[in-house]
Amino acid sequence: MSLFEFIPHKKFPEYYEECQLTGVLRYLPAKHREYGDSYFMEEYKSQYKKSYYEDEPNLRVMAKRRLHNLESVGANPMGKSLLEIGSAAGFFLDEAKNAGYQTKGLELSPKEVEYSKSTLGLDVGQTSVLSVESLLWKNTFDVIAAFFVIEHIEDIEGIWKRLGDWIRPGGHLYLAVPSSFGPSFQSNPKEWFLTHPSDHFFDYSVHSLKKLLSILGFEVNYVRPMSYHSYRDLGPRGKLPEWLYRLYANQFAYGDTIELIARKLKH
């Protein structure tokens, strides 16, 4: 049985199909890109105005915060296994290893794989997550992390089958994704589509992820917006005082990007 059944989006059929079961959105104009060294470095600098390596201190602070979030929902790192899909140069993996996890990474960029292995001494394979057989790592990992990765993967059935199969019962999935439940799409869809990355095949939200994860036997136990862009909100929420806007955003995971942790139920 398929997890996804897509039909034309009622409001934006030229851009989206919507899954009837989960509400996940398929972005119809999406195109494949090669994710080599140049993509990685250029995209990062374009977005953050500094190179990935120049941003290492901030990325390690973020990694420590994410590891703290995992501990806050009951993920004990000592001796547990953690896989990061799209591990880049390995800063998160390195912090996870320092915290006590047995770590493994998958990354497509040759330069980042080489840096992870030779400089940080990490176990990282230069391969696509979809090239690993689903059954190979069944119930193998206590934590799987994927930060701004799954939206790039066209084979949505393939990636979610692996995420569901590879995490042990009681283990955790940690995602960061762009979100369609945020100020941009909700209040200014014209701008959303103008700036939508061409290589994002799917758009998720807290609502569609909760439905999808529930079908896969997970419960969501942490979700927060990663950013607060009240100035992007052209609707009534954008007129709220900043403190109230942030309160609302935290309560309902209302943001253009979100982080989510879900636990795989044991039954």
Side-chain angles (χ1 to χ4, degrees), residues 1-35 39 43 47 85-86 108 128-131 134 146-165 173 175-220 223-227 229-230 232-238 248-249 251-260 262:
M1 176 187 162
S2 174
L3 279 172
F4 302 95
E5 295 178 10
F6 289 98
I7 60 171
H9 192 278
K10 287 182 180 140
K11 200 168 179 185
F12 303 107
E14 71 277 29
Y15 289 107
Y16 279 139
E17 290 178 340
E18 183 171 12
C19 174
Q20 296 182 87
L21 302 176
T22 64
V24 172
L25 301 176
R26 188 208 305 266
Y27 183 63
L28 296 173
K31 298 182 179 69
H32 284 285
R33 286 186 65 173
E34 291 298 319
Y35 298 111
Y39 167 88
E43 288 291 310
Q47 188 166 354
I85 299 168
L108 292 175
S128 158
V129 59
L130 296 175
S131 67
S134 179
F147 305 126
F148 299 106
V149 172
I150 62 168
E151 65 273 14
H152 294 266
I153 297 174
E154 185 176 15
D155 181 2
I156 192 170
E157 298 272 1
I159 181 59
W160 280 102
K161 176 157 182 53
R162 284 159 177 77
L163 293 174
D165 285 351
L173 173 65
L175 298 175
V177 291
S179 174
S180 57
F181 183 63
S184 293
F185 183 55
Q186 294 299 312
S187 76
N188 193 1
K190 183 178 178 183
E191 181 67 17
W192 170 269
F193 289 122
L194 276 175
T195 58
H196 193 285
S198 62
D199 58 341
H200 288 192
F201 286 89
F202 295 95
D203 286 303
Y204 298 88
S205 70
V206 59
H207 313 295
S208 61
L209 282 169
K210 280 184 173 179
K211 287 179 185 175
L212 171 55
L213 286 161
S214 176
I215 292 168
L216 289 169
F218 287 77
E219 65 174 8
V220 173
V223 61
R224 286 288 185 278
M226 284 187 66
S227 52
H229 296 116
S230 55
R232 292 182 185 172
D233 200 311
L234 306 186
R237 282 172 285 220
Y248 176 89
Q251 180 69 27
F252 297 103
Y254 181 72
D256 287 342
T257 52
I258 60 171
E259 288 188 332
L260 176 148

With [X], which residues qualify under side-chain contact (heavy atoms from CB on, under 4.5 Å), at least two apart?
X      : value
Asn188 : Lys190, Glu191, Leu234
Pro29  : Tyr15, Tyr27
His9   : Lys11, Phe12, Tyr16, Glu18, Leu25

Locate the shortest heavy-atom distance separating [X] from [Y]; write the atom from each residue and the value.
X      : Y      : answer
Pro225 : Gly255 : CB-CA, 4.1 Å
Ala146 : Ile150 : CB-CG2, 4.3 Å
Ser208 : Ser205 : OG-N, 3.0 Å
Gly86  : Val149 : CA-CG2, 4.0 Å
Leu130 : Ile159 : CD2-N, 3.7 Å
Lys211 : Thr22  : CD-O, 3.5 Å

So do [Y] and [X] actually touch side chain to side chain, heavy atoms under 4.5 Å?
X      : Y      : value
Ile215 : Trp160 : no
Leu260 : Leu213 : yes
Leu209 : Val220 : no
Thr257 : Phe148 : yes
Leu212 : Phe218 : no
Ser179 : Val206 : no
Asp233 : Tyr254 : yes

Report the residue from Arg33, His152, Lys31 that forms a side-chain hydrogen bond (donor to acceptor under 3.5 Å, both in side chains) with Asp199. His152
Only counting residues at least two apart or in another chain, list the ones meeting side-chain hydrogen bond (donor to acceptor under 3.5 Å, both in side chains) with Ser134. Asp165
Quick one: pull up [atom1] in [X] and [atom2] in [Y] and give me the separation to the nearest 0.5 Å.
X      : Y      : atom1 : atom2 : answer
Arg237 : Phe252 : CZ    : CZ    : 9.5 Å
Leu3   : Leu216 : CG    : CG    : 5.0 Å
Phe181 : Asp256 : CZ    : CG    : 11.0 Å

Ignoring hydrogens and geometry, is there a side-chain-to-backbone donor-acceptor pair from Gln186 to Ser180 under 3.5 Å? yes
With Glu17, which residues qualify under salt bridge (charged side-chain N to carboxylate O under 4.0 Å, His left out), at least two apart? Arg26
Considering residues at least two apart in sequence or located in another chain, which fulfil the salt bridge (charged side-chain N to carboxylate O under 4.0 Å, His left out) criterion with Asp155? none
Once you measure the plane-to-plane angle for His200 and His196, does it fall in the parallel (<30°), tilted (30-60°) or perpendicular (>60°) bin? perpendicular
